[in-house]
Amino acid sequence: MSSAMAATGTAASQAPAVELDGVSITFKLAKGSTYAAVAETKLDVAAGEFVAIVGPTGCGKSTLLNVAAGLIKPSTGHARIFGARLAGLNIQAGYLFQQDSLMPWKTAIDNVAVALEIAGTSRDEALQRAQAWLGRVGLGAFSHRHPHMLSGGQRKRVGLAQVLIRNPRILLMDEPFGPLDAQTRLIMGDLLLKLWQDDRKAVMFVTHDLEEAIALADRVVIMSAGPAASIIGDYPINLTRPRDISEIKLEPEFHRIHREIWTALKAEVLKGYSQGDMVGAG
Amino acid sequence: MQNQLLLRFLQLMVAVVGIGFWHFATTTSLFGRPKDIQFFFSTPLDVFWRIVKWFSEGTIWHHLGITLLESVLAFVIGTIAGVVCGFWLARRPLLADVFDPYIKGANALPRVVLAPIFALWLGLGIWSKVALGFTLVFFIVFFNVFQGVREVSQTVLANARMLGMTERQLLRHVFIPSALSWVFSSLHTSVGFAVVGAVVGEYLGAAAGLGYLIQQAEGVFDVTGVFAGMFVLTAFVLLIDGIVTVVENRLLAWRPQTVQSAT
């Protein structure tokens, strides 16, 4: 490889996977009034970095994620993806939604395979690779079930396979394990870490669960309560990898970080509660 | 198992008691002179033998075939038109708003009053009946497709977009399956209405078909014929409904199983 190519290669890899630059989001409400969901925010997520965004309900975490996905256009500022300004949908990103997002009329394997088929992969090959991915998320034996025949956790696994089979460079996750029970969340967290350990993508992981955020992420970002929410804290998590979630939660370092972040977060959560009327998405 | 057997037995008993009552009320002098009562109610045995006669002589097949043909045509044409219009309007909100009052008005009109006009326009052959069935089926399918396309889960849609689907792929993988699921869930109703359209049309003026058969019998005070026609028609609709249930179970396998009410 020539030195010039190597130089450009480094430059490209140095551009953050996601760069939110001066992004603010204001929603138009009925009767002509407006609601400022997110105040001017700057956030960088490096390639291969796992960033968790934590904040009180209704603080605009998901809104920020939707900007990175290209689903919402920011009112001011812009998003850059690997240095290129984002216009339209972010095709480099895979998005795992909080709500059920599988097509209910397709079986698990069809739901996963369709992600390849629409990009032009032949059906046979798509099915083969989809089956491999379902095996990777532990659902190899459930490939011909429809979503309603799967549990909430299993549906999330199918969703994960559906998103990852496209091999996106960025993974956006909006409280993906929110609706699941505590044990299932733990298992899903470990699965996510294992998959991410094998192939490190840039991850933006929105959650309201601080413990989950610390256990998973390289960096935890705290958002203030809305309206006009902004980032009020950015904490590096220097816990060793690979991690096991249930074990890492027992380590003294985990508790120290948890205490430190919770002190900052608690004030915002209380503020969020006292504000009563919370408009806009969480 | 025990309960199932008991249930079947009780169901059978209702028929036995009902037909038994009918038999004794029309053949004994319990409620008056049997001859008078039979003029209005016939007797179960007469009706039974009439049905046997129709089938053994083979005359009924022609009428059944005509009614079936009309129902199928009304169902197929009505469904296709309903799907196309439903899709078209659901994807063009402005057009939907413009046509909204007219669609509501057309749907509010009791379609039976159109039968004479269709007979006038299209003659006494099958097409006037198909047209009547069409007007009934069309609106059911249309409203279901319209609803189905508009009420696609926003999350499923956003997810499909994030997976990289183009508008055409969204149509194929999201909108059409969603709308079709609504069409299939209204299958029982729309097939039923297709038959209603055919039979009512025949009743009001035709040369063949089950409705025509009943109307002819009524015209000569042949109560046995009317009752026999009614029973054949009931069996005919139940049979079609059974076929629809089989088709539905195959096509809607992805849906959560709901308790099927006994039809």
Side-chain angles (χ1 to χ4, degrees), chain A residues 62 65-66 68-72 88-108 110-121 126 144-150 155-156 158-168 170-174 176 179 281, chain B residues 79 83 86-87 90-91 93 97 141 144-187 244-260:
Chain A
S62 307
L65 203 62
N66 286 336
L71 288 168
I72 296 181
L89 285 180
N90 182 352
I91 51 166
Q92 310 233 40
Y95 197 129
L96 199 61
F97 290 83
Q98 181 179 7
Q99 301 95 336
D100 278 332
S101 58
L102 298 175
M103 285 159 269
W105 40 84
K106 287 185 190 291
T107 55
D110 279 335
N111 258 295
V112 180
V114 76
L116 289 180
E117 277 180 73
I118 54 175
T121 312
H144 291 289
R145 291 215 184 164
H146 284 98
H148 79 89
M149 296 281 287
L150 300 168
R155 286 201 287 271
K156 285 288 173 238
V158 178
L160 201 55
Q162 185 188 49
V163 164
L164 290 177
I165 198 170
R166 291 174 56 234
N167 196 19
I170 304 165
L171 193 53
L172 305 172
M173 307 177 92
D174 181 14
Chain B
T79 301
V83 168
F87 252 102
R91 303 285 277 152
D97 288 342
V141 175
N144 272 299
V145 170
F146 190 69
Q147 198 84 346
V149 172
R150 286 206 155 181
E151 290 192 0
V152 170
S153 152
Q154 286 308 305
T155 316
V156 171
L157 196 58
N159 187 49
R161 285 216 166 93
M162 283 307 294
L163 289 176
M165 285 195 194
T166 60
E167 282 300 310
R168 268 190 62 187
Q169 287 167 335
L170 283 177
L171 206 65
R172 182 176 152 206
H173 294 287
V174 180
F175 287 115
I176 289 179
S178 173
L180 284 188
S181 77
W182 283 71
V183 173
F184 291 139
S185 64
S186 64
L187 217 56
V244 170
T245 305
V246 172
V247 172
E248 196 181 31
N249 287 343
R250 284 191 65 117
L251 292 173
L252 291 183
W254 58 270
R255 281 216 163 166
Q257 284 292 302
T258 47
V259 181
Q260 284 278 317

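Quick note: numbers below take in every heavy atom, side chains included, and nothing from hydrogens, waters or symmetry partners. A note on names: the letters A, B, ... follow the listed sequences, proteins ahead of strands, and every chain is numbered from 1.
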Quiz item: Is A/V114 close to B/Q169 at the side-chain level, that is, under 4.5 Å between some pair of heavy atoms?
Solution: no

Quiz item: Under a 4.5 Å heavy-atom cut-off, does chain B meet the side chain of A/F97, its backbone, both or neither?
Solution: side chain

Practice problem: Hey, could you give me the CZ/CG distance between A/R166 and B/L163, rounded to the nearest 0.5 Å? | Solution: 6.0 Å

Quiz item: Of the listed residues (A/H146, A/R145, A/M149), which shares the most heavy-atom pairs with chain B below a 4.5 Å separation?
Solution: A/H146

Quiz item: Do A/K106 and B/H173 have side-chain heavy atoms sitting under 4.5 Å apart?
Solution: yes

Self-check item: Proximity of residues 149-157 of chain B to chain A, residues having a non-hydrogen atom under 4.5 angstrom
Solution: B/T155, B/V156

Quiz item: Looking at A/V163, A/I91, A/L71, which one forms a side-chain contact (heavy atoms from CB on, under 4.5 Å) with B/M162?
Solution: A/L71

Practice problem: Identify which part of A/Q98 has an atom lying under 4.5 Å from any heavy atom of chain B, answering side chain, backbone, both or neither. | Solution: neither

Self-check item: Close contacts, residues 176-184 of chain B versus chain A, judged by heavy atoms under 4.5 Å
Solution: B/P177, B/S178

Quiz item: Side chain, backbone, both or neither: which part of A/D100 has a heavy atom under 4.5 Å from chain B?
Solution: backbone

Practice problem: For A/W105 and B/V174, indicate whether the former's side chain and the latter's backbone hold a donor-acceptor pair under 3.5 Å. | Solution: no

Practice problem: Would you mind checking which part of A/L102 comes under 4.5 Å of any heavy atom in chain B, side chain (CB onward), backbone (N, CA, C, O), both or neither? | Solution: backbone

Quiz prompt | Spatial distance of atom CD (A/E117) from atom CZ (B/R172) [nearest 0.5 Å] | solution = 7.0 Å

